[in-house]
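First the structure, in the form of structure tokens, and then the observations on it.
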Amino acid sequence: MSLKLHVKNDIIVYDGKYIQTIERHFRNRKTGYRGTWEMVKRKTYGRIVAVIALTPKKEVILIKIFRIPFKCRIIEACAGLMDKKGESEPDMARRELLEETGYEVSRLRKLVSGPFNTSMLEDEIVYYLGTGARKIQEPELEDAEDIEVLKIPLKKLRTFLLHPPRGVKADVKLFGILHLLKSKVPIR
């Protein structure tokens, strides 16, 4: 089956320091309709890298971060943009975890990857599971970061995400990650 939609060209409407706003022109081959899709593209060297760190006591290390677009705190996995040319995803995951939480992990393995928010962004994310997490330093936050480190027992994570503290939202992607964690990590 051939695709009905054909992407024609992109026009950069805004070219900022970290993102571009793009008009992507397309045509429906079947009906002849020509349209424009508005989207955002990040200026990075790869996918977004996220890490779910797990302590030896089966506690999940997450962050509660103030997100300026939402004007509130969001519970998320520790994550970052590939902003250093040539850095590997696992190295980025370790660096971001250490900077945002002060934790390091003894082992890191890929859980899952793929696109998200596909109607708005041309982004992909990869999640890593880090085990043997232990705190070795205080977080080293950037000026635009307002982060609180959370340590939640894995067996209580679902309830915590379904009922976050008042005024806080939970990143919906964490529910899919929780399902994967249950298949990779025995919960007792």
Practice problem: Starting from the C-alpha separation in whole Å, work towards a yes-or-no answer on side-chain contact (heavy atoms from CB on, under 4.5 Å) for V40 and M120. | Solution: CA-CA 6 Å; V40 177; M120 180 68 153; 4.2 Å; yes
What pair of heavy atoms forms the shortest contact from [X] to [Y], and how long is it?
X: A93; Y: L108; value: CB-CD2, 3.9 Å
X: V51; Y: L97; value: CG1-CB, 3.8 Å
X: G167; Y: C72; value: O-CB, 3.7 Å
X: T44; Y: M82; value: CB-O, 3.5 Å
X: M92; Y: G80; value: CE-C, 3.2 Å
X: L174; Y: A77; value: CD2-N, 3.9 Å

Quiz item: Could E76 and R67 be called an ion pair, given the rule that one side-chain N must be under 4.0 Å from one carboxylate O?
Solution: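 Salt bridge: yes.
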Quiz prompt | Ion pair K135/E104, N-O distance below 4.0 Å | solution = no
With distance as the sole criterion, is a donor-acceptor pair present between the side chains of [X] and [Y] under 3.5 Å?
X: Y14; Y: Q20; value: no
X: H6; Y: R27; value: no
X: T36; Y: R24; value: no

[atom1] of [X] to [atom2] of [Y]: how many Å apart, nearest 0.5 Å?
X: I177; Y: L129; atom1: CD1; atom2: CG; answer: 9.5 Å
X: E59; Y: L150; atom1: CD; atom2: CG; answer: 12.0 Å
X: I22; Y: L121; atom1: CD1; atom2: CG; answer: 10.5 Å
X: R94; Y: Y128; atom1: CZ; atom2: OH; answer: 10.5 Å
X: I11; Y: H25; atom1: CD1; atom2: NE2; answer: 3.5 Å
X: E100; Y: E148; atom1: CD; atom2: CD; answer: 13.5 Å

Self-check item: Atom CD of E38: over 12 foreign heavy atoms under 6.0 Å
Solution: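 It does not: E38 CD has 12 such atoms or fewer within range.
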Quiz item: Does NZ belonging to K169 count more than 12 external heavy atoms closer than 6.0 Å?
Solution: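 It does not: K169 NZ has 12 such atoms or fewer within range.
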Quiz item: For L98 and Q137, what are the C-alpha separation, side-chain angles and deciding distance, and is it a side-chain contact (heavy atoms from CB on, under 4.5 Å)?
Solution: CA-CA 8 Å; L98 186 61; Q137 70 180 43; 3.6 Å; yes
What I'd like to find out is whether the side chain of [X] reaches to under 4.5 Å of the side chain of [Y], using heavy atoms alone.
X: Y103; Y: K151; value: yes
X: I147; Y: F66; value: no
X: I52; Y: L62; value: yes
X: E122; Y: M39; value: yes
X: R42; Y: L81; value: yes
X: T101; Y: I63; value: yes
X: W37; Y: V7; value: no
X: K110; Y: V126; value: yes

Exercise. Please assess V105 against L54 for the test side-chain contact (heavy atoms from CB on, under 4.5 Å), listing each intermediate value before the final yes or no.
Key: CA-CA 8 Å; V105 292; L54 194 62; over 6 Å; no
Quiz item: What about I68 and L141, same hydrophobic cluster or not, with Ile/Leu/Val/Met/Phe/Trp/Tyr joined at side-chain heavy-atom distances under 4.5 Å?
Solution: no
Self-check item: Joint cluster assignment, L161 & V112, ILVMFWY side-chain distance < 4.5 Å
Solution: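 Same cluster.
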Self-check item: Test applied, salt bridge (charged side-chain N to carboxylate O under 4.0 Å, His left out); reference residue, K43; option that passes from D83, D123, D15
Solution: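 Among D83, D123, D15, the one that satisfies the salt bridge (charged side-chain N to carboxylate O under 4.0 Å, His left out) with K43 is D15.
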Quiz item: Does K173 make a cation-pi contact with F116 (under 6.0 Å, within 45 degrees of the axis)?
Solution: yes
Quiz item: Given I75 and V168, is the side-chain contact (heavy atoms from CB on, under 4.5 Å) satisfied, shown in steps?
Solution: CA-CA 7 Å; I75 297 166; V168 176; 3.6 Å; yes
Quiz item: Is there a donor-acceptor contact under 3.5 Å from the side chain of T131 to the main chain of A53?
Solution: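 Looks like no, no N/O pair under 3.5 Å.
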